[in-house]
Amino acid sequence: MLVPVLMCLAAGDVRGASGPTAEVVAAQLRDAAMAGHDIAYSWVSELTTRFGPRPAGSKSEQQAADWAAAKLRALGLENVRIESFPLTAWVRGSESARLIAPSTQPLVIAALGESPPTPAGGLEGDVVIFPTLTDLKAAAPGSLSGKIAMVAQRMVRAQDGAGYNAAVPGRTDGPQEAAQRGAIAYLLRSVGTDSHRQAHTGTTRYVEGRVPVPAFALSPPDADQIERIAALGQTVRVHLFSGASYVPDARSQNVIAEVRGRERPQEVVLLGAHLDSWDQGTGAIDNGTGTAIVTAAAKLIRDLPHRPRRTVRVVLFGSEEVAQPTAPGHTFGGHSYAVNHQAELANHVLAGESDFGTDRVYMFALPSVAAHGEFARTLLRVLTPIGVLTSDRPPEDFGADVTPTVEAGVPPFALSQDGMTYFDIHHTPDDTLDKVDRAQLDQNVAAWAALAWLAADSDVDFRPRTAPGDGAVKP
Ligand SMILES: [Zn+2]
């Protein structure tokens with residue numbers, strides 16, 4: 001399906017006054033993707049099949065990066081390179097949990113990423129339940145001495161994923177808040193929207209170089225059960241075991257590839273996604289599909305008979321899942337990229353990341369200066385036929401990996417995906433290839449290819465007219 005489109009473009013030869021306009025080319029890219037381009041699906045299929053889970057700093061993450069670099073070269077992308085950086089890797093090990101009073105029953109849990117192990121024989125304690133993290137924070141110092149704190153907050157299902165942002169502080173900050181009050185361990189109702197007997201892992205936060213107590217996500221039905229027992233007035237006592245460990249001298253890496261611009265190659269439109277995944281599934285929707293979408297979009301642009309004016313750069317980041325706000329030695333791919341490329345960031349014209357599964361794109365958001373101009377109107381005309389709206393607000397959530405780059409002053413864009421079901425599977429053993437919907441994957445590629453092409457072939461300055469970024473990368 002792709003070939004006739006490209007032949008048609010080639011007939012126009014070098015684009016000039018008689019060649020197709022950028023909008024026509026964007027529409028052709030869209031149609032080529034929607035017609036069933038196979039690159040994205042075969043990418044995510046091969047990635048998840050060959051390497052399975054790709055935890056940050058692991059051998060399989062490194063092998064996947066080597067494979068991705070070779071694949072990007074074979075697809076015809078240029079300047080393909082791997083940039084390595086150090087980090088402390090975390091290894092789950094074996095883990096288990098059970099209710100030991102008032103009855104005995106197994107509990108389905110998953111240690112939160114970066115969580116320390118329990119003693120070899122496990123630990124046990126009475127559970128003190130807090131409806132929200134705010135309630136835990138209101139508990140008096142020392143009031144949880146010898147206890148296991150549990151936050152039972154439910155995540156709200158919402159199209160834009162707002163429920164995640166509301167619930168995730170319970171995961172990142174809960175362990176330290178529990179430890180400060182004397183707790184020996186921390187339990188969290190999984191940050192997820194399903195009701196299956198699986199737990200949603202995810203990273204928690206280092207405080208002064210460590211996570212202070214063992215911390216676990218509970219499957220939603222197990223959290224329900226504990227709450228119901230407590231509501232009967234009975235004491236809930238649990239036994240927890242984790243054999244987690246750390247690898248202090250691990251390495252991760254970013255993979256970079258380009259379609260070089262024909263007029264101003266130093267100006268970069270950055271398309272990001274992360275190559276690492278959690279360890280329990282195979283990282284298909286988080287974030288194999290993201291890497292597939294940005295790669296396929298760049299490949300479609302690469303195969304045009306003429307290059308865009310600016311460079312399209314694909315960055316497949318390492319170690320996104322363990323991103324820590326700061327902390328030397330616990331860096332992640334997004335931070336490493338912004339540091340390594342600091343001198344170039346003034347020439348990055350736009351940056352975005354695909355990291356929200358495979359459901360369809362329903363809205364785009366552009367920096368304020370471009371949100372109501374001709375660029376936005378052109379993009380809307382191209383994307384309206386595939387069900388994409390325009391946002392009247394600048395992007396607020398543009399992905400963890402590009403955040404350090406955006407904080408250094410690079411304007412972000414967002415192609416928002418429908419998140420109604422994403423958090424049923426996110427960070428669970430159920431994140432596997434069969435969840436990928438090929439038609440929706442193609443629609444994502446269409447939106448990314450069109451936006452990337454239009455931005456790269458334009459001379460639009462997306463930076464704010466006032467208060468430009470200082471170009472500094474935050475530590
Ligand atoms: Zn992700």
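Scope of the values below: all heavy atoms of this structure, side chains included, with no hydrogens, waters or symmetry mates. One-based numbering, in listed order, for ligands and for the atoms of each.
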Self-check item: Side chain Thr118, main chain Ser242, donor-acceptor under 3.5 Å
Solution: yes

Quiz item: Hey, is the Zn ion (ligand 1) within less than 2.8 Å of some N/O/S atom on His426?
Solution: no

Self-check item: Heavy-atom donor-acceptor pair, Glu61 side chain to Ser319 backbone, under 3.5 Å
Solution: yes

Quiz item: Hey, which N, O or S atom on Asp286 ends up closest to the Zn ion (ligand 1)?
Solution: OD1

Self-check item: Backbone or side-chain N/O/S of Asp355 under 2.8 Å of the Zn ion (ligand 1)
Solution: yes

Quiz item: Going through the distances and angles, do Asp397 and Asn165 end up as a side-chain contact (heavy atoms from CB on, under 4.5 Å)?
Solution: CA-CA 10 Å; Asp397 208 350; Asn165 296 335; 3.7 Å; yes

Self-check item: Side chains of Thr132 and Asp135, donor plus acceptor under 3.5 Å
Solution: yes

